[in-house]
Amino acid sequence: MRSLMKHTARTTTAALTAALMSASALTLAPAPAFAVPAGGYADLVEAVSPAVVFIEVTTKATPVRNDLPRNLPPQLRRHFEGMTPGQSQPQQGLGSGFIISGGGQIVTNHHVVDGADTVKVKLADGRSFDAEVVGSDPLTDIAVLKITADVDLPTVAFGSSKDLRVGDEVVAVGNPFGLGGTVTSGIISALSRDIRSGPFDDFIQTDAAINRGNSGGPLFDNDGNVIGVNTAILSPGGGSVGIGFAVPSDLVQTVVADLADDGLIARGWLGVNIRPMTEEVAAVLGYDAPKGAVIEAVSKDSPAETAGLKKGDIITGFAGTPVDELRDLTRAVATTSPDETTEITVLRRGKEVTLDVTVGTLAPEET
């Protein structure tokens with residue numbers, strides 16, 4: 001599980017706290033009961049848990065750098081080289097995932113399997129399989145695995161994250177700290193969170209307890225549909241403090257479909273460096289608040305240069321999508337198919353200009 005804090009705890013502690021609250025003498029009208037299923041989540045958990053998997057990853061041992069001085073006498077060099085191990089030990093990591101097809105397609109996080117030498121998937125019923133990494137996308141932190149089994153596997157289905165509301169109840173299932181099949185519940189605390197981790201930041205925030213090892217696990221709604229993939233936590237000590245983040249299912253489905261095709265993600269590229277509008281410029285233009293993306297530089301031989309975009313232009317719309325924040329533009333461009341021609345709207349010296357731009361192909365990120 002990615003933590004958004006630099007400090008991580010070396011030990012894990014758990015505290016059970018009970019609080020007694022006195023009832024008020026004033027009796028209020030009873031509040032209506034909302035989404036909690038009658039009898040709790042036992043039926044939901046029983047239905048979805050078989051499709052949630054435990055992922056064990058081993059990375060290759062790496063050579064240890066030898067920084068002995070070049071002019072060291074041969075006898076001393078042999079002595080010190082004998083004391084220095086030749087390579088580090090293989091590293092192991094843990095994570096979660098979930099099966100979305102009877103043929104063995106599994107969704108998890110990119111950071112769970114990044115740099116993996118071997119990936120092993122364990123099911124709730126104890127079966128274990130070697131997994132292949134079909135494809136992995138660092139920008140959305142989503143990866144697709146594949147296992148081969150001689151029988152159909154239990155699966156879960158995606159729901160839509162489009163209609164989620166703050167306050168909706170959710171259930172997380174995963175393997176925190178290697179404790180497989182752990183279930184926690186909570187609510188959606190916020191939507192469309194930007195945690196500055198990348199251009200696709202649009203996270204679901206939840207207070208369902210999410211810890212290290214939950215990475216890649218599903219976040220369910222009350223109907224047992226996957227509406228998010230747990231991917232990061234905000235934590236000063238490495239444990240849950242009630243602030244976790246999940247990638248929305250609508251984005252996950254798009255990435256999974258693209259990765260499952262050929263293991264690669266094809267994204268659009270414009271070729272501009274951008275910055276936010278300043279308060280001063282917004283006031284001059286008569287805006288209540290800054291909006292749009294100000295072009296600082298245009299890359300040579302880029303789609304932007306070909307379209308006629310210039311330094312100082314303020315991009316306010318792309319392919320019919322309003323650009324209020326920088327991430328609106330980066331997301332709109334990246335999700336446009338390469339070689340597709342679309343319209344881009346800019347403010348140039350106070351006048352609105354619409355240009356046609358043919359989007360290029362973003363070079364894959366080195367990992």
Side-chain angles (χ1 to χ4, degrees), residues 1-5 14-21 23 28-49 51-52 96-98 107 109 140-142 156-177 179 181-197 200-253:
M1 177 60 59
R2 293 185 299 164
S3 175
L4 303 181
M5 305 294 289
L16 300 178
T17 307
L20 297 176
M21 300 181 64
L28 302 177
F34 289 109
V36 182
Y41 293 104
D43 290 340
L44 184 153
V45 171
E46 186 176 338
V48 301
S49 287
V52 180
S96 305
F98 54 98
V107 177
N109 278 148
T140 57
D141 200 22
I142 295 297
V156 287
F158 284 110
S160 176
S161 54
K162 179 180 64 176
D163 299 323
L164 296 177
R165 300 183 303 166
V166 173
D168 283 347
E169 291 184 334
V170 289
V171 174
V173 185
N175 301 281
F177 306 109
L179 300 172
T182 296
V183 180
T184 57
S185 67
I187 63 169
I188 294 176
S189 305
L191 294 168
S192 196
R193 281 295 195 213
D194 182 358
I195 60 175
R196 304 292 191 271
S197 69
F200 289 92
D201 279 21
D202 191 34
F203 291 102
I204 299 167
Q205 181 182 329
T206 178
D207 67 350
I210 295 172
N211 289 285
R212 297 185 182 278
N214 273 113
S215 284
L219 190 67
F220 293 103
D221 63 15
N222 281 344
D223 294 323
N225 297 314
V226 179
I227 49 87
V229 176
N230 300 317
T231 189
I233 57 175
L234 181 64
S235 171
S240 174
V241 294
I243 301 179
F245 301 98
V247 184
S249 59
D250 289 349
L251 175 58
V252 175
Q253 290 180 81

**Q** Mind running side-chain contact (heavy atoms from CB on, under 4.5 Å) on N222 and Y41 for me, showing each step along the way?
**A** CA-CA 8 Å; N222 281 344; Y41 293 104; 3.2 Å; yes
**Q** What distance do D163 atom CG and D221 atom CG have between them, rounded to the nearest 0.5 Å?
**A**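 It comes to 11.0 Å.
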**Q** Please walk me through it: do I204 and L191 pass side-chain contact (heavy atoms from CB on, under 4.5 Å)?
**A** CA-CA 5 Å; I204 299 167; L191 294 168; 4.2 Å; yes
**Q** Can you name the closest pair of heavy atoms from G97 and P218 and give their distance?
**A**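 So the minimum-distance heavy-atom pair works out to O-CD, 4.3 Å.
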**Q** Can F98 and V229 be said to form a side-chain contact (heavy atoms from CB on, under 4.5 Å), step by step?
**A** CA-CA 9 Å; F98 54 98; V229 176; 3.8 Å; yes
**Q** Taking side-chain hydrogen bond (donor to acceptor under 3.5 Å, both in side chains) as the test, write out the residues that go with D201, two or more places apart.
**A**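 With neighbours one apart ignored, the set is S197.
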**Q** Under the rule for side-chain hydrogen bond (donor to acceptor under 3.5 Å, both in side chains), what residues qualify as partners of T206, not counting sequence neighbours?
**A**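 side-chain hydrogen bond (donor to acceptor under 3.5 Å, both in side chains) list for T206, sorted by chain: empty.
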**Q** If you look at every heavy atom in G186 and A208, which pair is closest and at what distance?
**A**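 Heavy atoms of G186 and A208 come nearest at N-CB, 3.8 Å.
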**Q** Measuring only between side-chain heavy atoms, which start at C-beta, is T182 closer than 4.5 Å to F177?
**A**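 They are not in contact (no side-chain heavy atoms under 4.5 Å apart), so the answer is no.
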**Q** Quickly, which of V52, I227, V183 forms a side chain to side chain contact (heavy atoms under 4.5 Å, CB included) with F220? Name it, please.
**A**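 One option only clears the test, and that one is V52.
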**Q** Between N214 and A209, which heavy-atom pair has the shortest distance, and what is it?
**A**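 Result for this residue pair: OD1-O, 4.2 Å.
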**Q** Pair F245, L234 - check side-chain contact (heavy atoms from CB on, under 4.5 Å), show working.
**A** CA-CA 8 Å; F245 301 98; L234 181 64; 4.2 Å; yes
**Q** Output all residues satisfying side-chain hydrogen bond (donor to acceptor under 3.5 Å, both in side chains) with Q205, sequence neighbours left out; order by chain, then residue number.
**A**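 Result, side-chain hydrogen bond (donor to acceptor under 3.5 Å, both in side chains) vs Q205: R193.
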**Q** Is the shortest side-chain heavy-atom distance between F158 and N225 below 4.5 Å?
**A**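 No, their side chains stay 4.5 Å or more apart.
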**Q** I want to check something: taking the side chain as every heavy atom from C-beta on, are I210 and P176 in contact at a cut-off of under 4.5 Å?
**A**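 Counting from C-beta outward, I210 and P176 never come under 4.5 Å.
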